[in-house]
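No experiment lies behind these values; they were computed from the predicted model shown. For the numbers below, each heavy atom of this structure counts, side chains included, while hydrogens, waters and symmetry mates do not.
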Amino acid sequence: MATKNSSVTEFILAGLTDQPGLQIPLFFSFLCFYVITVVGNLGLITLIGLNSHLQKPMYFFLFNLSLIDFCYSTTITPKMLMSFVSKRNIILHVGCMTQFFFLCFFVISECFILSAMAYDRYVAICKPLVYTVTMSPQVCFLLLLGVYVMGFLGAMAHTGSIMSLTFCADNLVNHFMCDILPLLELSCNSSYVNELVVFIVVAIGIGMPIVTILISYALILSSILHISSTEGRSKVFCTCSSHIIVVSLFFGSGAFMYLKPPSLLPLDQGKVSSLFYTIVVPMLNPLIYSLRNKDVKVALRNTLRRKTFS
């Protein structure tokens, strides 16, 4: 046994499962998921960039949501795929901390970009006459800057907390990525302060966006109730439905993973929750917005026609 002051230089990622018969099927399944994620998000980014009628605040935020989804899926998935085809999926300490930093950065940024999108829907529905002024390019830029600043600060707080830990002999991370809870489990020094930092940062990173989203949709609901026609209510609801679905999927899985004490959520169950918000949600987001958004479908048809004609 190494002394308490020693530290490991590399970790071994346990992966999603240790059953040999599932390794290859899971590899090809998640490879397909990753390809769909890359094609879907980069396709949506390209579509918004090429079509002038999509140069609106809503699609400005959707552009950045797709960029964030692509980046943090790329941070996690390639390394996870290696665990299915290699006997020992080794990651250096510096590589683990780097992956952990970018995971935190992109996840917290997604929380705040979803809250910015909720605010945009609130202004569009409840204050349509001043929408252009309220959601001006300058305001959108400041909101986006706030999104990435909060992501950076949260990632720095989490990573600094984890880097202060001492890791001894055991370097097997019971996960398919370098995440907070499995790293805390490996620490051989007291982690009470670290768990407190995790709780505070997660409460801010998830709590603030959730409060913003709930307030925005409470005001939107109040506005919908004042619409007399059923057709008008249905139209307003359709403009928000895609965002509501994405918010429910992302925050639901994230809250299930992090807003419970580790003793109440075994890490094996946590893997499934992590899998959902790191792999499945980034894959579904562009599909949800593409299939449920008329502007995106029209832009896709027009782009395909231009390509076919040329």
Side-chain angles (χ1 to χ4, degrees), residues 37-38 40-75 101-159 201 204-217 219-220 223 239-240 242-244 246-247 250-251 254 281-282 285-286 288-290 293-296 298-300 303:
T37 301
V38 171
N41 284 291
L42 291 184
L44 196 53
I45 289 171
T46 304
L47 206 60
I48 294 172
L50 291 178
N51 290 271
S52 57
H53 74 279
L54 296 182
Q55 307 302 314
K56 303 173 184 177
M58 174 183 175
Y59 298 105
F60 172 74
F61 293 122
L62 182 55
F63 179 97
N64 282 276
L65 175 65
S66 294
L67 180 63
I68 290 169
D69 280 338
F70 166 74
C71 289
Y72 91 72
S73 180
T74 301
T75 300
F101 173 84
F102 283 108
L103 170 68
C104 294
F105 174 74
F106 290 122
V107 169
I108 295 173
S109 296
E110 176 138 348
C111 292
F112 282 93
I113 199 79
L114 289 173
S115 67
M117 294 173 76
Y119 175 71
D120 171 72
R121 292 298 83 205
Y122 154 72
V123 177
I125 293 169
C126 299
K127 301 179 180 294
L129 298 179
V130 295
Y131 177 75
T132 305
V133 177
T134 305
M135 299 303 295
S136 65
Q138 293 81 4
V139 172
C140 290
F141 174 78
L142 289 174
L143 284 173
L144 185 65
L145 181 63
V147 166
Y148 289 125
V149 166
M150 291 303 294
F152 178 78
L153 293 177
M156 286 295 292
H158 274 314
T159 308
V201 176
I204 294 173
I206 293 181
M208 285 179 60
I210 285 180
V211 169
T212 302
I213 291 168
L214 289 177
I215 292 173
S216 298
Y217 277 109
L219 295 172
I220 289 172
S223 179
T239 62
C240 301
S242 297
H243 184 256
I244 292 172
V246 169
V247 165
F250 181 77
F251 282 104
V281 171
N285 283 354
I288 292 170
Y289 275 104
S290 299
N293 190 297
K294 292 181 180 179
D295 289 340
V296 172
V298 169
L300 179 60
T303 302

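- Between Cys140 and Leu144, every side-chain heavy-atom pair lies at or beyond the 4.5 Å cut-off.
- The closest side-chain heavy-atom distance from Ile125 to Cys240 is below 4.5 Å.
- Residues Phe70 and Thr37 fail the side-chain proximity criterion, which asks for heavy atoms closer than 4.5 Å.
- Within the 3.5 Å criterion, the main-chain N or O of Phe105 finds no donor-acceptor partner in the side chain of Glu110.
- Thr134 contributes a side-chain N or O that, together with a main-chain N or O of Val130, makes up a donor-acceptor pair within less than 3.5 Å.
- Taking every heavy atom of both residues into account, Ile68 and Phe106 meet most closely at CG2-O, 3.3 Å.
- Below 30°, between 30° and 60°, or above 60°: for Tyr122 and Tyr119 the angle between ring planes is between 30° and 60°, a tilted geometry.
- Counting all heavy atoms, side chain and backbone alike, Met150 lies closest to Ile108 at O-CG2, 3.7 Å.
- Side-chain atoms of Asn285 and Phe250, non-hydrogen and from C-beta on, never get closer than 4.5 Å to each other.
- Between Arg121 and Tyr217, the shortest heavy-atom distance links the atoms CG-OH, 4.4 Å.
- Within the 3.5 Å criterion, the main-chain N or O of Phe112 finds a donor-acceptor partner in the side chain of Ser115.
- No more than 12 heavy atoms of other residues, nucleotides or ligands sit less than 6.0 Å from atom CZ of Phe102.
- What you find for Val201 and Ala157 is that their closest heavy atoms are CG2-CB, 3.8 Å.
- Distance alone, capped at 3.5 Å, places no donor-acceptor pair between the Ser223 side chain and the Leu219 backbone.
- Two residues are said to be in side-chain contact when any heavy atoms from C-beta on lie closer than 4.5 Å; Met117 and Leu114 meet this criterion.
- Side-chain contact between His158 and Phe101 is absent, with no heavy-atom pair separated by less than 4.5 Å.
- At distances below 3.5 Å, not a single donor-acceptor pair connects side-chain atoms of Asp120 with backbone N or O atoms of Met135.
- Closest non-hydrogen pair, Phe63 versus Ile48, comes out as N-CD1, 3.7 Å.
- Using a 4.5 Å heavy-atom cutoff, the side chains of Leu143 and Phe61 are in contact.
- Between Pro57 and Tyr131 the shortest side-chain heavy-atom distance falls below 4.5 Å.
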The test is side-chain contact (heavy atoms from CB on, under 4.5 Å); show your working for Tyr59 and Asn51 and say whether it passes. CA-CA 11 Å; Tyr59 298 105; Asn51 290 271; over 6 Å; no

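- For Phe152, the CZ atom sits in a loose shell: 12 or fewer heavy atoms of surrounding residues, nucleotides or ligands are nearer than 6.0 Å.
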